[in-house]
Amino acid sequence: MDQPNSGPARKAPKSLASVATWRVDPGKAAELTKIDAGSTPEAPGDRATTEKASAELMIRLAALQNRLRAEEQRSVLLVLQAMDAGGKDGTVKSVFNGVNPMGMQVSSFNVPNDDELAHDFLWRIHQRTPARGFIGIFNRSHYEDVLAVRVRKLASEKVWRPRYGLINHFERSLSEAGTSVVKVMLHISADEQAQRLQERIDDPTKRWKFRLGDLEDRKLWPDYQRAYEDALTETSTEHAPWFVVPANRKWYRNWAVLTILVDTLERIDPKFPERPDLAGVRV
Ligand code: AMP
Ligand code: MG
């Protein structure tokens, strides 16, 4: 019989690109201006070659997720942050295309409602962290509470500054409970955002994604970049690292996020449960 957790049935996986390419090293200052949003570091080749590599990674991701779900001991939380039109929705759609939806939970965080505002900022977040066996995806997250809140001056520095420490504690407790926290910032350029926002206005099938408030946020671009740099610097930790992915090119972005996810799951190495209780059982 096949050995599901070892042996010849599990082929040796192809080597992965190093996630160090995108990782914000804990304790080091993140500098977004030094990362070219249009670059494609470590890409396996041109667009076609990279898309082929992504297709293979998607199969690998699906198999890993299946084992994660079967094992039901650990979980993965992917936090996605980006400026408007940075490609968060597109990333979720493309990267998880081959993954069984039964093992996934996607949460989008919008402007907090009254009930959410009546609680601490992590209250609504904690309710959506992935249960054992699941991959949770945060489309925006608790990081809005040190990004949008700071830049739009929705709270004073006395309120948002201590949140870095609170976030680190929170993510540490998730990690201690078996959740691998992986945080990805999709890094686009201001020019790329202008193009994408204009397309949202011009294309009737994309208008639903556009809010006039996006233009207000765009005016605050430098403030957002600074707030992102501080958040990345303050909260990239060994147990919950940040990765900055150049995201002007969608095919590259998808491949990079897939690489980071497959790397995370292969480190977890979830196993199909042994079932000694089934020894000799016949139907
Ligand atoms: P979108 O993700 O484009 O649909 O938009 C969601 C909006 O909600 C963005 O403008 C976010 O900045 C905003 N948002 C999300 N979380 C918060 C928060 N905690 N405080 C303020 N604004 C937030
Ligand atoms: Mg939006």
Side-chain angles (χ1 to χ4, degrees), residues 32 77-96 105-129 136-171 183-190 192-232 234-235 242 245 247-248 250 253 257:
L32 288 174
L77 173 60
L78 172 67
V79 172
L80 282 175
Q81 282 289 155
M83 296 294 288
D84 285 310
K88 300 186 299 303
D89 297 9
T91 300
V92 176
K93 187 175 150 188
S94 307
V95 164
F96 295 96
Q105 186 187 35
V106 188
S107 307
S108 295
F109 294 97
N110 215 311
V111 178
N113 63 28
D114 288 347
D115 197 24
E116 290 166 344
L117 280 174
H119 292 82
D120 71 276
F121 77 104
L122 292 172
W123 179 73
R124 66 172 181 163
I125 306 294
H126 211 159
Q127 295 178 56
R128 304 291 299 175
T129 55
I137 302 161
F138 282 2
N139 182 349
R140 298 191 194 270
S141 65
H142 42 304
Y143 285 95
E144 291 295 321
D145 293 279
V146 291
L147 295 166
V149 166
R150 166 179 172 175
V151 174
R152 294 183 204 144
K153 299 189 163 52
L154 303 176
S156 68
E157 181 165 357
K158 250 180 72 185
V159 171
W160 59 256
R161 171 90 40 202
R163 285 180 175 167
Y164 299 128
L166 297 168
I167 287 172
N168 287 338
H169 263 280
F170 170 62
E171 291 176 352
K183 305 178 291 197
V184 174
M185 186 219 176
L186 305 175
H187 178 46
I188 57 164
S189 63
E192 180 69 20
Q193 189 199 43
Q195 271 188 38
R196 291 187 189 180
L197 287 179
Q198 192 61 52
E199 206 177 311
R200 287 186 176 182
I201 295 167
D202 296 343
D203 180 344
T205 68
K206 293 189 176 169
R207 282 186 193 146
W208 62 276
K209 286 195 178 194
F210 186 81
R211 294 173 312 113
L212 283 169
D214 294 350
L215 297 180
E216 296 308 310
D217 274 342
R218 179 169 165 77
K219 285 183 199 148
L220 298 167
W221 182 278
D223 296 357
Y224 269 106
Q225 297 293 299
R226 206 165 313 125
Y228 263 105
E229 285 180 339
D230 286 351
L232 297 167
E234 296 291 335
T235 65
W242 271 107
V245 169
N248 279 7
K250 295 172 183 172
R253 168 202 80 193
V257 175

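Just follow the structure's listing: the first ligand is 1, and inside any ligand the first atom is 1. Residues take their numbers from the sequence shown, with the count starting at 1.
- Of the listed residues (His142, Arg124, Glu216, Lys209), the one carrying the non-hydrogen atom nearest atom 16 (N) of ligand 1 is Arg124.
- The proximity of Leu154 to ligand 1, defined as any non-hydrogen pair under 4.0 Å, is limited to the side chain.
- A salt bridge between Arg150 and Asp145 is absent, with no side-chain N of the basic residue lying under 4.0 Å from a carboxylate O of the acidic one.
- Using a 4.0 Å cut-off to heavy atoms of Val149, the atoms of ligand 1 that qualify are 20 (N).
- Nearest protein neighbour of atom 2 (O) of ligand 1, counting heavy atoms only, is Arg140 NE, 2.5 Å.
- Of the inter-residue distances, the one linking Gln195 atom CD with Ile188 atom CD1 reads 10.5 Å to the nearest 0.5 angstrom.
- An N or O contact shorter than 3.5 Å links Val111 to ligand 1 by distance.
- Side-chain atoms of Arg152 and Tyr224 include a donor-acceptor pair closer than 3.5 Å.
- Taking 4.0 Å as the cut-off between side-chain N and carboxylate O, Asp115 and Arg124 do not count as a salt-bridged pair.
- Of the protein's heavy atoms, Asn110 ND2, 4.3 Å lies nearest to atom 4 (O) of ligand 1.
- If you check which protein heavy atom lies closest to atom 22 (N) of ligand 1, you get Arg152 NH1, 3.4 Å.
- Close approach to Asp145 involves these atoms of ligand 1, each under 4.0 Å from a residue heavy atom: 19 (N).
- Less than 4.0 angstrom separates some heavy atom of Asp84 from each of these atoms of ligand 1: 3 (O).
- Considering only non-hydrogen protein atoms, atom 18 (C) of ligand 1 sits nearest to Pro112 CD, 3.4 Å.
- Taking CG of Asp89 as the reference point, atom OG of Ser108 lies at 6.5 Å (rounded to 0.5 Å).
- Counting only N and O atoms by type, the side chains of Asn168 and Thr235 include no donor and acceptor under 3.5 Å apart.
- For the salt bridge (Lys or Arg N to Asp or Glu O under 4.0 Å) test with Asp84, the passing option among Arg218, Arg196, Lys209, Arg140 is Arg140; the others fail.
- Inclusion of Lys88 in the set of residues having an N or O under 3.5 Å from an N or O of ligand 1 is not warranted.
- For Asn139, no heavy-atom contact with ligand 1 is shorter than 4.0 Å.
- Here Glu171 pairs with Lys183 in a salt bridge; the nearest charged N to carboxylate O distance falls below 4.0 Å.
- For NE2 of His119, the number of neighbouring non-hydrogen atoms (other residues, nucleotides, ligands) closer than 6.0 Å is greater than 12.
- The single protein non-hydrogen atom nearest to atom 11 (C) of ligand 1 is Glu144 OE1, 3.5 Å, given as residue, atom name and distance.
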